[in-house]
Amino acid sequence: MTPSTRLLITGGHVFTPAGVVYEPLLVENGVITAIGPDALAVPGAREIDAAGGTVSPGFQDSHVHPYHAGLDMIACDLTPYLTAEGCLSRIAEYAAANPELEWITGGGWSMDSFPGGLPTAAALDAIVPDRPAFFPNRDGHGAWVNSAALTLAGITDATPDPFDGRIERDADGHAIGALQEGAMGLVASHVPLPTQDEMDEALAIAQHQLFAWGVTAWQDAIVGATNDTPDPIDSYLRGTASGVLKAHVVGAIWWDRNRGLEQITEIVEKRERALAGGFRATTVKIMQDGVAENFTAGMLEPYLDDCGCPGENAGKSFVDPTQLKEISIQLDALGFQIHYHALGDRAVREALDAIEAAREANGDSDLRHTLAHIQVIHPDDIPRFAELGAVANMQPLWARHEGQMDTLTIPFLGTRRANWQYPFGSLHRAGAPLASGSDWPVSTANALEIIHTSVNRAPAGATGAAALPFLGEQALSLADALIAHSLGTAFLNHDEARSGSLELGKAGDIVILDRDIFAAPVAEIGSATVVFTIIGGEVVYEATPTATESVSV
């Protein structure tokens, strides 16, 4: 056995299923073979001194979009900009620097940067008057376009809203340049698709960033071709064959809501082609509703209007609930896990009803169907997650006070429903399996910020009113938040026997932090940083070390 196949971690507080232990840990040939004094008995290992930091299972993200994030980073990325002025300045700079581009594209703007969450074509026209421009927002449920893009797409005052979206209009009925949900496709279908080289570059960039955040595995929440990207499966297969893809990934194949059951044959073929190349595209992603901020999340009761009175809009059900049951029965029978996007309480109930129908038809085949985002859950549906074996797929970073929550959501849900938001604590107490993720690039995939919010229900580093917990009774303990963001996602991905916890015989997928987060106040969790990220005993990310390395003899 050569030294390169052995990795010894010393001086760390190791988070194990039995608790935190201050013991050395040995990885041999990619597998943990010792935790404790026996780890020191094996010579020739590369040694990393964790310098008192936490040694944790590698973080695993239950719902992430690495290709969208990577493509944003190599185009005009608006994620860092928190104001309309900042976004416009960056777009103007990018357009000037790229005069050869046929389209000006990017994404990542936040709705709370614009009055009412709605940017305008007029603002874009002032800086990009000569070329079409298309910028999805950071949650991917709306887009900002200029007049050239509206014209190219043939959008006029007479253009009807698609069944699954909305063209935002002013008081006189003129399209203002904001497109919601399915209306995005009217323009997106004209935007040149990324090349395969760009897709591969996006994966490499995104994987590197995820490693820097300590993420060693994930579920990609959209694979399969969509309006704005080629099929990521092809890039994943190239990454698998070349060894570029080092993370452990499960792909969720996109369900085209404009089609019906006839697409199942194609989905089966995608799964088999991917599996033949060593990539697990074993899940199907169904988007059942939209988001609360643009009033497309499916609600049991209508949204409130600007005056606080019930309106007529109760959001969208993108797939007819009866058809959703039949789709779920057929996919379940074929061995697919189903990954439902469900934010509103009606969409959550429709997804749970569909899972129940599949189990009644096919029995419990332990496919671990999952509901992602779960923003508003009616209290009657909390116990159904455990009863149906449905994984509660949380995006904890959203469970805090911020502009989109306080100005674009709570006033339109009303106090009663606002108090039903992100009920992670209630789900956990009811026995629901929890998996934790980011939805990056909608929000950061920085696992420590996510875990911080799970525990504090407030942003890392917040002070004053911003530090007040958002529905603090729904907070998780630090141990439970860490488990959800490691073993919880491994369980979702049917990988818990191999990864997700630091135990003998399991994969050496490990993250080393710069401090012992269990010893520090919980308000400081988000201040911790990743020092090393390790997959199968191989260091795939190393920060400027505060830990030290040597070779044991």
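Along the sequence shown, residues are numbered consecutively beginning with 1.
For the pair Asp61 (side chain) and Ser438 (backbone), a donor-acceptor distance under 3.5 Å is present. Using a distance-only test at 3.5 Å, with no hydrogens or angles considered, a donor-acceptor pair links the side chain of Gln207 to the main chain of Ala247. With Gln60 contributing its side chain and His248 its backbone, the two residues share no donor-acceptor pair below 3.5 Å. With hydrogens and angles ignored, the 3.5 Å screen pairs no side-chain donor or acceptor of Thr533 with any backbone N or O of Val540. In terms of modelled atom types and a separation under 3.5 Å, the side chain of Ser89 and the main chain of Glu85 share no donor-acceptor contact. Side-chain N or O atoms of Gln404 include one that pairs as donor or acceptor with a backbone N or O of Met111 at under 3.5 Å. At least one donor-acceptor pair closer than 3.5 Å links the side chain of Ser62 to the backbone N or O of Gly437. Gln421 places a side-chain N or O within 3.5 Å of a backbone atom of Ala418 that can act as its donor or acceptor partner. Panel note: side chain Asn98, backbone Ile104; no donor-acceptor pair is recorded below 3.5 Å. Although no hydrogens or angles enter the test, the distance criterion places a donor-acceptor pair under 3.5 Å between the side chain of Asp125 and the main chain of Ser147.
Nearest heavy-atom pair across Leu371 and Ala390 is CD1-CB, 4.3 Å. The two residues Leu343 and Ala297 come nearest to each other via the heavy atoms CB-CB, 4.1 Å. The two residues Leu304 and Arg417 make their nearest non-hydrogen contact at N-NH2, 4.1 Å. The shortest non-hydrogen separation linking Ala149 to Ala133 is CB-O, 3.6 Å. Closest non-hydrogen pair, Asn146 versus Pro132, comes out as OD1-CA, 3.5 Å. Of all non-hydrogen atoms in Gln196 and Pro230, the two that sit nearest each other are NE2-CB, 3.9 Å.
Annotation: the span from Tyr236 atom OH to Tyr67 atom OH amounts to 5.0 Å, rounded to 0.5 Å. Annotation: the span from Asp200 atom CG to Ile205 atom CD1 amounts to 11.0 Å, rounded to 0.5 Å. Atom CG of Leu352 is separated from atom CG of Asp381 by 5.5 Å, given to the nearest 0.5 angstrom. We find the OG1-CG distance between Thr54 and Leu478 to be 8.0 Å, quoted to the nearest 0.5 Å. A distance of 8.0 Å separates CZ of Phe114 from OG1 of Thr83, quoted to the nearest 0.5 Å. With values rounded to the nearest 0.5 angstrom, Thr283 atom OG1 is found 10.0 Å from His369 atom NE2.
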Apply the test ring-ring contact (aromatic ring centres under 6.0 Å, His included) to residues Trp213 and Trp440: give CA-CA distance (whole Å), side-chain angles for both, the deciding distance (0.1 Å), then the verdict. CA-CA 12 Å; Trp213 285 323; Trp440 186 53; 5.3 Å; yes

Please walk me through it: do Met394 and His428 pass side chain to side chain contact (heavy atoms under 4.5 Å, CB included)? CA-CA 11 Å; Met394 315 176 296; His428 182 57; over 6 Å; no

How far apart are the C-alpha atoms of Trp255 and Leu324, what are their side-chain angles, what is the distance that settles it, and do they pass the side chain to side chain contact (heavy atoms under 4.5 Å, CB included) test? CA-CA 11 Å; Trp255 180 268; Leu324 185 66; over 6 Å; no

Test Asn456 against Val522 for side chain to side chain contact (heavy atoms under 4.5 Å, CB included), laying out the working first. CA-CA 7 Å; Asn456 292 278; Val522 295; 3.7 Å; yes

Evaluate the criterion side chain to side chain donor-acceptor pair (under 3.5 Å) for residue pair Gln395 and Asp439; output intermediate values, then yes/no. CA-CA 7 Å; Gln395 281 61 62; Asp439 207 11; over 6 Å; no

Could you give me the CA-CA distance, side-chain angles and deciding distance for Ile155 and Leu179, then say whether side chain to side chain contact (heavy atoms under 4.5 Å, CB included) is met? CA-CA 11 Å; Ile155 297 175; Leu179 306 174; 4.3 Å; yes

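Side-chain contact check for Arg416 versus Glu301: some heavy-atom pair is nearer than 4.5 Å. Contact of the Thr216 side chain with the Val511 side chain is not registered, since no non-hydrogen atoms from C-beta on lie closer than 4.5 Å. Contact of the Tyr94 side chain with the Leu101 side chain is registered, since non-hydrogen atoms from C-beta on lie closer than 4.5 Å. By the 4.5 Å heavy-atom criterion applied to side chains, Leu492 and Gln219 are counted as neighbours. Counting only heavy atoms from C-beta outward, the side chains of Val187 and Leu152 never approach each other to under 4.5 Å. Leu427 places a side-chain heavy atom less than 4.5 Å from the side chain of Ile377. Annotation: side chain of Met405 is in contact with side chain of Tyr422 (closest heavy-atom distance under 4.5 Å). Looking at heavy atoms from C-beta onward, Asp220 lies in side-chain contact with Pro66 at the 4.5 angstrom threshold.
For the residue pair Glu181 / Thr296, a side-chain donor-acceptor distance below 3.5 Å is found, with atom types taken as modelled. Side-chain polar atoms of Gln474 and Ser426 form a donor-acceptor pair below 3.5 angstrom. Side chains of Asp197 and Thr195: no donor on one and acceptor on the other come within 3.5 Å.
Both the sub-6.0 Å distance and the 45° axial angle are satisfied by Arg457 relative to the ring of Phe424. For the pair Arg90 and Tyr81, the cation does not sit on the ring face, since its NZ or CZ is not both under 6.0 Å from the ring centre and inside 45° of the axis.
Under a cut-off of 6.0 angstrom, the local environment of NE2 in His174 is crowded, with over 12 non-hydrogen atoms contributed by other residues, nucleotides or ligands. Under a cut-off of 6.0 angstrom, the local environment of CG in Asp157 is crowded, with over 12 non-hydrogen atoms contributed by other residues, nucleotides or ligands. With a 6.0 Å radius and a threshold of 12 heavy atoms from other residues, nucleotides or ligands, Glu473 has its CD atom above the threshold.
Results of the side chain to side chain contact (heavy atoms under 4.5 Å, CB included) test with Val348 over Val376, Ile382, Ile374 single out Ile374 as the only residue that passes.
Ring-centre distance between His65 and His63: below the 6.0 Å cut-off. Aromatic pair His373/Trp398: ring centres closer than 6.0 Å.
By the 30° and 60° cut-offs, the orientation of the rings of Trp144 relative to Phe135 is tilted.
Applying the salt bridge (Lys or Arg N to Asp or Glu O under 4.0 Å) test to every pair with at least one member in residues 337-347, sequence neighbours left out, gives these pairs: Arg346-Glu350.
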